[in-house]
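Right, one structure below, let's go through it.
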Amino acid sequence: MSATARITAPTPSEIRARKGGTPLVCLTAYTTPIAQLVDPHCDIVLVGDSLGMVLHGLPSTLGVTMEMMSLHGAAVARGLKQAMMVVDMPFASYEESPEQAFGNAARLMRETGCAAVKLEGGVEMAETIRFLTARSIPVMAHIGLTPQAINTLGGYKVQGRGEDAARVLADAKAVAEAGAFSVVLEKVPAALGDEITAAIDIPTIGIGASAGCDGQILVVDDMLGLFTAFKPKFAKRYAELGKSADAAIAAYAAEVRARAFPAPEHVFGDAAPEPKK
Ligand code: KIV
């Protein structure tokens, strides 16, 4: 459970009320130090199941477990002061029945202190979203490209092109009508992102969608240049921390091999008092 009291975190209904206002700023986080870095800048911090790929080296999000989400969720909660925390429901933790979804969502809320859960799916998940929201579990929906469904979607393809737009629009309407307080739109054509944003009364949060969405989200390791296995088109790099880290580690290795590290200022004498830190 969170050790930090997030007194000023926006509630799901406050986020919902931001529809059409200043765009919502959202990022993922998976650890306490990154949560501390993103917290002052974000409205919503998502503990995404992308952690399976970016932290644990899994080939997709399908291998992510409840235990992983709970552990990382609790770590993120300890780093947040003001942003709202949402935790992803992992694959196979909610699809079976609304009751299964309730049990696992309640567990994530209890073990992490998150304010809401996110689950993937549109029309087919509307009943579950209605069941959860009627029982005090706020839900962020996720439609368009839903990575937990890559095996049925045929990969990480843009969703909703041409005639397929009607399907994604119907998903958006279904999750909004079922009571989701916001919806992530992943990898849909920009015009469809705009159309959905205009058609529903809950905030749309785009990732590879449109600048016209009510908010944007990125995977933090993508935008910091820490995850480099591949780079989706929508994942703008705001820093190249992976390259900086590589240079730092190479410098350390060279200094160790040359016996240049540790230097005298990094070692201890027999008599001198030890510095506090
Ligand atoms: O798992 C995740 O990080 C996500 C975002 C990409 C929206 O679902």
Side-chain angles (χ1 to χ4, degrees), residues 15 23-31 34-35 38 42-66 68-73 75-76 83-95 104-105 108 112 114 116-122 125 129 138-150 153 155-159 168 171-172 175 180-188 193 196 202-210 213-224 226-227 229-238:
I15 293 291
L24 292 158
V25 178
C26 317
L27 279 173
T28 66
Y30 318 110
T31 61
I34 296 289
V38 303
C42 287
D43 299 296
I44 297 174
V45 172
L46 170 72
V47 186
D49 63 350
S50 49
L51 64 80
M53 297 171 81
V54 302
L55 286 194
H56 292 269
L58 294 173
S60 74
T61 56
L62 297 176
V64 175
T65 62
M66 282 290 293
M68 288 159 86
M69 297 313 299
S70 179
L71 190 72
H72 286 284
V76 167
M84 176 187 178
M85 181 168 85
V86 179
V87 175
D88 255 346
M89 299 201 69
F91 178 61
S93 72
Y94 60 95
E95 298 90 332
N104 283 321
L108 288 176
T112 70
C114 66
V117 296
K118 176 164 82 56
L119 56 82
E120 297 183 6
M125 278 299 140
I129 294 172
V139 177
M140 174 184 274
H142 183 158
I143 62 168
L145 173 62
T146 47
Q148 293 174 11
I150 43 159
L153 293 177
Y156 297 96
K157 293 178 184 156
V158 175
Q159 299 294 307
V168 182
D171 282 341
V175 299
F181 72 91
S182 60
V183 57
V184 169
L185 296 186
E186 180 163 353
K187 222 168 171 181
V188 298
I196 289 173
I202 59 170
T204 55
I205 300 176
I207 174 160
S210 159
C213 287
D214 299 299
Q216 300 294 329
I217 187 161
L218 283 177
V219 169
V220 73
D221 291 58
D222 281 340
M223 58 90 75
L224 292 179
L226 277 170
F227 180 71
F230 59 88
K231 186 189 158 311
K233 176 177 173 171
F234 55 73
K236 178 174 176 183
R237 289 251 170 92
Y238 285 82

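Atoms within a ligand are numbered from 1 in the order they appear, just like the ligands themselves.
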>> For a side chain to side chain contact (heavy atoms under 4.5 Å, CB included) check, start with the C-alpha distance between Ile143 and Leu185, then their side-chain angles and the critical distance, and finish with the verdict.
In response: CA-CA 5 Å; Ile143 62 168; Leu185 296 186; 3.6 Å; yes

> Hey, mind stepping through Leu218 and Leu27 against side chain to side chain contact (heavy atoms under 4.5 Å, CB included) and telling me if it holds?
Replying inline: CA-CA 5 Å; Leu218 283 177; Leu27 279 173; 4.0 Å; yes

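Not one N or O on the side chain of Asp222 forms a donor-acceptor pair closer than 3.5 Å with the backbone of Ala235.
Applying the side chain to side chain donor-acceptor pair (under 3.5 Å) criterion to Ser210, with sequence neighbours excluded, gives Asp194. In this view, Asp43 and Arg18 satisfy the salt bridge (Lys or Arg N to Asp or Glu O under 4.0 Å) rule, not counting sequence neighbours. Applying the ring-ring contact (aromatic ring centres under 6.0 Å, His included) criterion to Phe227, with sequence neighbours excluded, gives Phe230.
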Measure from every N or O atom of ligand 1 to the protein's N or O atoms and keep only the pairs below 3.5 Å, writing each with atom names and distance to 0.1 Å.
unit_1   : atom_1 : unit_2 : atom_2 : d
ligand 1 : 1 (O)  : Asp49  : N      : 3.2
ligand 1 : 1 (O)  : Asp49  : OD1    : 3.0
ligand 1 : 1 (O)  : Ser50  : N      : 3.0
ligand 1 : 1 (O)  : Ser50  : OG     : 3.3
ligand 1 : 1 (O)  : Asp88  : OD2    : 3.1
ligand 1 : 3 (O)  : Ser50  : OG     : 2.5
ligand 1 : 8 (O)  : Lys118 : NZ     : 2.8

